[in-house]
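Atom set for the values below is all heavy atoms of this structure, side chains included, hydrogens, waters and symmetry mates excluded. In what follows, chains carry the letters A, B, and so on, assigned in the order in which the sequence lines appear, proteins first and then strands, with residues in each chain numbered from 1.
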Protein chains: 2
Amino acid sequence: MSRVQRKRDERVRRIVAVAAEVFGERGYEASTLEEVAERLDVTKGSLYYYFAGKDELATAAIETLGTDWTERLEALATSTGDRPRDERLRALLREHIAIAVHEYPAALRLFLVPDSWPAALRMRIRELRRRHDLVFRREITAGVEAGDFAVVSVDATLQAMHATMSQAPLWCAHLAAEAREQAIDDLADTLVRLVSSPR
Amino acid sequence: MSRVQRKRDERVRRIVAVAAEVFGERGYEASTLEEVAERLDVTKGSLYYYFAGKDELATAAIETLGTDWTERLEALATSTGDRPRDERLRALLREHIAIAVHEYPAALRLFLVPDSWPAALRMRIRELRRRHDLVFRREITAGVEAGDFAVVSVDATLQAMHATMSQAPLWCAHLAAEAREQAIDDLADTLVRLVSSPR
DNA sequence: CCGAACTTTGACCCAAGAGTCAAGAGATGA
DNA sequence: TCATCTCTTGACTCTTGGGTCAAAGTTCGG
């Protein structure tokens with residue numbers, strides 16, 4: 001790959017990262033290309049050299065963010081060693097929430113639907129979410145089949161976990177640093193109880 | 001109150017209801033007064049006779065919706081009779097989710113922060129949420145003190161419940177009618193496990 | 001150092017949507 | 001029926017923000 005090509009890629013990556021930030025903070029409608037450009041110390045027109053328009057930029061932002069995010073979770077799942085199922089699930093939940101809170105503080109807002117994303121984007125978001133859920137779904141069903149876990153319904157359990165995780169960054173944003181770490185632990189511990197057999 | 005006065009109030013109520021619908025469906029930014037007016041079979045200008053502007057209308061919508069919603073939950077809490085604590089909590093959760101899904105399908109979107117509501121509104125939203133949480137907080141702490149419930153952290157538990165409930169309408173929207181009822185039950189059953197002592 | 005390819009700029013266009021208002025249409029009540 | 005008060009209209013302005021583009025600036029290989 002030529003030097004020029006590489007530079008371009010780097011540029012694109014940077015733009016997408018900043019765009020993801022803005023879209024994450026403001027939602028689709030309230031984000032302006034002007035602001036994205038400003039944060040990059042560039043003018044709006046320049047963005048159009050790389051992207052056809054707002055939609056395309058938003059798509060790229062979601063695509064990248066969502067993929068990074070999901071791949072990271074999948075990697076986590078394979079790298080987390082063998083241990084009692086509940087401990088394993090807890091570790092996964094904890095790490096996952098921690099990553100969300102620390103590294104993608106605004107990212108998950110992209111995955112809350114209420115904002116009116118363009119229709120094409122919404123489908124892509126749903127797809128990413130499915131892949132994302134799959135990691136936890138596997139853990140849960142395996143645990144249930146082995147008799148280590150008991151759930152009312154796998155779907156409802158996933159739904160509850162997903163909802164909680166996706167709103168965690170919002171909640172934790174208010175808290176001071178130490179309280180935040182505590183909150184992450186608490187959330188993970190709390191969510192594990194969803195799969196443990198009741199007394 | 002004069003006949004005229006009453007008519008005006010009725011008019012205002014109607015406007016606010018429709019506005020809440022639109023804001024709920026589209027979010028703040030993507031909603032237009034034009035659309036609100038259209039659904040009312042009126043022109044935009046007419047709205048300005050009753051409200052100073054978009055912000056004020058949105059505030060009124062959130063205020064009304066949030067208050068109705070919260071009062072309804074509070075009423076539910078006092079009307080739900082004495083029974084074992086977990087059954088009581090389950091009933092509350094179930095009813096609450098059911099109301100959300102059936103009667104305010106879009107309403108809770110108003111209470112998800114990601115959309116950029118005007119700053120003044122956000123505070124009001126937070127306040128309503130606090131009042132809203134209080135109902136469940138009371139149930140939980142009472143249960144914990146009595147030794148019937150065990151939680152990792154009351155705050156984390158509330159957070160998980162709130163997140164799940166607030167996203168329930170979105171989830172249930174995809175489902176067919178019977179599946180929806182089942183989903184509501186499952187969610188309630190699932191959430192109750194958050195407070196039951198683990199094995 | 002030159003020319004070609006790549007990149008950025010800023011002025012510009014345009015549509016959408018918030019907000020205004022004078023004029024008129026309805027109600028109301030004496 | 002007239003006078004007044006209430007309400008609605010639709011045409012208007014103004015701002016914002018997406019999108020375009022020719023011209024200027026930058027980079028790079030030869």
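Computed from coordinates, the A/Tyr48 OH to D/dG19 P distance equals 4 Å when rounded to whole Å. Between the CZ atom of B/Arg26 and the P atom of C/dA16 there is a distance of 15 Å, given to the nearest Å. What separates CD of B/Glu38 from P of D/dT9 is a distance of 13 Å, to the nearest Å. Rounded to whole angstrom, the span from the CD atom of A/Glu34 across to the C1' atom of D/dT15 amounts to 13 Å. Put simply, CD on B/Glu35 is 14 Å from P on C/dA16, counting in whole angstrom units.
Applying the side chain to side chain donor-acceptor pair (under 3.5 Å) test to B/Asp68 and every residue at least two apart in sequence or in another chain returns nothing. For A/Glu56, the side chain to side chain donor-acceptor pair (under 3.5 Å) criterion is met by no residue, not counting sequence neighbours. Residues passing the side chain to side chain contact (heavy atoms under 4.5 Å, CB included) test with A/Ala119 are A/Arg122, sequence neighbours excluded. Here B/Ala37 pairs with B/Leu47 under the side chain to side chain contact (heavy atoms under 4.5 Å, CB included) rule; sequence neighbours left out.
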Exercise for review: Encode nucleotides 6-15 of chain C as B, S and - characters from 5' to 3', where the letter depends on protein heavy atoms closer than 4.0 Å: B to the base, S only to sugar-phosphate, - to neither.
Suggested key: SBBBB-----
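Pairs of residues two or more places apart, or lying in two chains, that qualify as side chain to side chain donor-acceptor pair (under 3.5 Å) and include a residue from residues 74-84 of chain A are A/Glu74-A/Arg131. Residue pairs meeting the ring-ring contact (aromatic ring centres under 6.0 Å, His included) criterion with at least one partner in residues 75-102 of chain A, sequence neighbours excluded, are A/Trp69-A/His96, A/His96-A/His132, A/His96-A/Phe136.
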Can you give the donor-acceptor pairs under 3.5 Å from side chains of residues 149-162 of chain A to other protein atoms, not counting sequence neighbours?
residue: A/Ser153; atom: OG; partner: A/Asp155; partner atom: N; Å: 3.3
residue: A/Ser153; atom: OG; partner: A/Ala156; partner atom: N; Å: 3.0
residue: A/Asp155; atom: OD1; partner: A/Arg137; partner atom: NH2; Å: 2.1
residue: A/Thr157; atom: OG1; partner: A/Ser153; partner atom: O; Å: 2.7
residue: A/Gln159; atom: OE1; partner: A/Arg129; partner atom: NH2; Å: 3.2
residue: A/His162; atom: ND1; partner: A/Arg129; partner atom: NE; Å: 3.4
residue: A/His162; atom: ND1; partner: A/Asp133; partner atom: OD1; Å: 3.4
residue: A/His162; atom: NE2; partner: A/Arg129; partner atom: NE; Å: 3.4

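Heavy-atom distances under 4.0 Å link DNA chain C to no residue of residues 51-60 of chain A.
For the pair B/Lys54 and B/Phe23, the NZ or CZ position fails the cation-pi test of under 6.0 Å to the six-membered ring centre and within 45 degrees of the ring normal.
Among D/dT20, C/dG17, C/dG19, the nucleotide with an atom closest to any side-chain atom of B/Thr32 is C/dG17.
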